[in-house]
2 protein chains.
Amino acid sequence: MLADDHRMLREGLRRSMTDQGFDIVGEARDGDEAIRLAEELQPEVILMDVTMPEVDGVEATRQIKISYPGIAIVMLTMHADQEVLAAAIRAGASGYLVKDCSTDEIATAIRTVVRGETVLSPQLAASMLEEVRKLEEPSPDEERVITKREEEVLQLIANGCSTPEVAERLFISQKTVKNHLASIYQKLEARDRTQAVLQAVRMGIIHLE
Amino acid sequence: MLADDHRMLREGLRRSMTDQGFDIVGEARDGDEAIRLAEELQPEVILMDVTMPEVDGVEATRQIKISYPGIAIVMLTMHADQEVLAAAIRAGASGYLVKDCSTDEIATAIRTVVRGETVLSPQLAASMLEEVRKLEEPSPDEERVITKREEEVLQLIANGCSTPEVAERLFISQKTVKNHLASIYQKLEARDRTQAVLQAVRMGIIHLE
DNA sequence: CGAGAAATGGGCCGAATGACCTATACGGGC
DNA sequence: GCCCGTATAGGTCATTCGGCCCATTTCTCG
């Protein structure tokens, strides 16, 4: 079964999947219709676009999987987006392909998911890995709140240095360290070094070693 | 090409993959041999066990992919392990299957990876998602080092309380709070509250709100 | 050229902090 | 019954910490 809001894409998919030996039992133009048709037609596999009017593909997937866990759902998307990918698989999707893949690839994916396996486009597998890898730097830093020097001070404090030790390592006086800290407290709305460091970790400014 | 240190498994794979229409051009018994044979035979796909003598499958994958990015490598493993999965895909593996999957599933996986896509066993896709989801609770707490009371103190400190405030909230004296902190410092090898809280966060004892 | 930010530094002060010592009470386990 | 860990609490002390006042230099940007 197909679920996509673009007629041209649906027709293209229908033709190529039919050529590949699949039967298209129905087509939905939005998430609501996908849910209704899935119930009515009980397809083996649904090729579902992520972005659709009314109800998006992820939500439709969630609802269909609740009622009919046996229906395998392959999400199609225009762009490799880790967030959406995670949401889609959490919703129960068995596959996630970017739309520029070949009809052969889609056919292979369908054959894969009906066997209970999961298929990801390579770009998405990569981006998923990125997400796993970066447990740090979650924020691309909309704007640099903390200056370079302040960041150095913060990092040293996080690494276990006291004020005198930071001063020693940076070759500045304790007073300057305190001044930097005071500035940091203001910017991070912290009232002591502990809160400042925690806030900095949350914001991805500094990293736990 | 096959790479596995168990003869029985290699022979089983060779037979079933041959039945599925694939040609097995070579078999390796360890990671070193896999690297040498991959270079010599230039297989389209390698089915590679993760655990092998000499050089493990992940490292062999990395080295083969550096020299021959065109060779697709499907990792086989006994257990669903997120860490290894991440390492494997970072090393360049195109697929990651648990060994209890059917020969049909392996065949489908091979056909999928030669098309440039990525295949994950559903258990692994699930565990990968878990890893993404749980940005907290990374350690299952091998043993409870910190007592319940100490944990309460730590969490309050992490939430921004000073010693007097912790005392107030827990209805104990400041002195007791300090005693708990001193005990915590010993156990976490920290010398101040900042280090204690950071260490506790690293160990998953407390959570950033 | 002047405004403003960043980085450096000083002094003062009260509160918080951490190290060191002690002590009592309540559990459970050997 | 005794030991040990946990939780409670006290005291002393030097150090650190953070708030508040201030200043100088350098640099960039408009």
Side-chain angles (χ1 to χ4, degrees), chain A residues 139-209, chain B residues 139 141-206 208-209:
Chain A
S139 77
D141 265 311
E142 56 259 2
E143 75 272 330
R144 172 173 219 80
V145 265
I146 283 323
T147 69
K148 224 178 317 190
R149 201 55 162 170
E150 288 164 354
E151 190 180 319
E152 287 178 32
V153 172
L154 260 180
Q155 188 65 56
L156 285 173
I157 300 252
N159 290 347
C161 294
S162 64
T163 299
E165 285 166 353
V166 173
E168 199 180 341
R169 299 218 189 174
L170 296 183
F171 306 105
I172 56 181
S173 78
Q174 292 191 27
K175 195 61 202 73
T176 304
V177 175
K178 288 185 169 191
N179 286 338
H180 287 313
L181 277 172
S183 168
I184 290 167
Y185 296 156
Q186 263 204 306
K187 292 175 179 175
L188 299 190
E189 298 172 48
R191 63 170 178 173
D192 55 44
R193 56 192 63 215
T194 301
Q195 288 309 299
V197 168
L198 281 180
Q199 185 60 31
V201 169
R202 288 192 204 102
M203 295 172 68
I205 296 170
I206 62 171
H207 312 293
L208 302 181
E209 66 228 40
Chain B
S139 79
D141 263 308
E142 58 260 4
E143 75 270 333
R144 172 173 221 80
V145 265
I146 284 321
T147 69
K148 224 179 316 190
R149 200 55 161 172
E150 288 164 354
E151 189 180 318
E152 286 177 34
V153 172
L154 259 181
Q155 188 64 57
L156 284 173
I157 300 255
N159 290 349
C161 293
S162 63
T163 300
E165 286 166 353
V166 172
E168 199 182 340
R169 298 217 191 175
L170 295 183
F171 304 108
I172 56 181
S173 78
Q174 290 191 30
K175 197 60 204 71
T176 303
V177 174
K178 287 187 172 186
N179 286 338
H180 287 312
L181 277 173
S183 168
I184 290 167
Y185 295 156
Q186 262 203 306
K187 293 176 180 176
L188 300 191
E189 297 171 50
R191 62 171 180 174
D192 55 44
R193 55 194 64 215
T194 302
Q195 288 309 300
V197 168
L198 281 180
Q199 186 58 32
V201 169
R202 288 191 203 104
M203 296 172 66
I205 295 171
I206 60 171
L208 303 181
E209 63 230 40

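Worth knowing before you read on, the calculation uses all heavy atoms, side chains too, and leaves out hydrogens, waters and symmetry mates. Below, chain A is the first sequence line, B the second, and so on; all start at residue 1.
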Heavy atoms from other residues, nucleotides or ligands near CZ of R169(A) exceed 12 (cutoff 6.0 Å):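 No.
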Is it true that atom CD of E165(A) has more than 12 heavy atoms of other residues, nucleotides or ligands lying nearer than 6.0 Å?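 Yes - once you tally the heavy atoms of other residues, nucleotides and ligands closer than 6.0 Å, there are more than 12.
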Heavy-atom side-chain proximity of [X] to [Y] below 4.5 angstrom:
X: T163(A); Y: K178(A); result: yes
X: I146(A); Y: K187(A); result: yes
X: L198(B); Y: V197(A); result: yes
X: R191(A); Y: S162(B); result: yes
X: I205(A); Y: E151(A); result: yes
X: I157(A); Y: L181(A); result: yes

Take atom [atom1] of [X] and atom [atom2] of [N], then tell me their distance rounded to the nearest Å.
X: Q195(B); N: dA19(C); atom1: CD; atom2: P; value: 12 Å
X: E151(A); N: dA5(C); atom1: CD; atom2: P; value: 20 Å
X: Q186(B); N: dA7(D); atom1: CD; atom2: P; value: 15 Å
X: R191(A); N: dC20(D); atom1: CZ; atom2: P; value: 14 Å
X: L181(B); N: dC20(C); atom1: CG; atom2: P; value: 15 Å
X: E150(A); N: dA7(C); atom1: CD; atom2: C1'; value: 9 Å
X: E165(A); N: dT16(D); atom1: CD; atom2: P; value: 9 Å
X: D192(A); N: dT17(C); atom1: CG; atom2: P; value: 7 Å

Sugar-phosphate or base contact per nucleotide [nucleotides 8-15 of chain D; S, B, -; heavy atom under 4.0 Å]: BBBB----
Give every pair of a protein N or O atom and an N or O atom of nucleotides 25-30 of chain D that lie under 3.5 Å apart, one pair per line with the distance.
none

Measuring to OP1 and OP2 of [N], would you say a side-chain N or O of [X] lies under 4.0 angstrom away?
X: R193(B); N: dT17(C); value: yes
X: T163(A); N: dC17(D); value: yes
X: S183(A); N: dA6(C); value: no

Using side chain to side chain donor-acceptor pair (under 3.5 Å) as the criterion, list what pairs up with E152(A), not counting sequence neighbours.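 Listed in chain order: R149(A).
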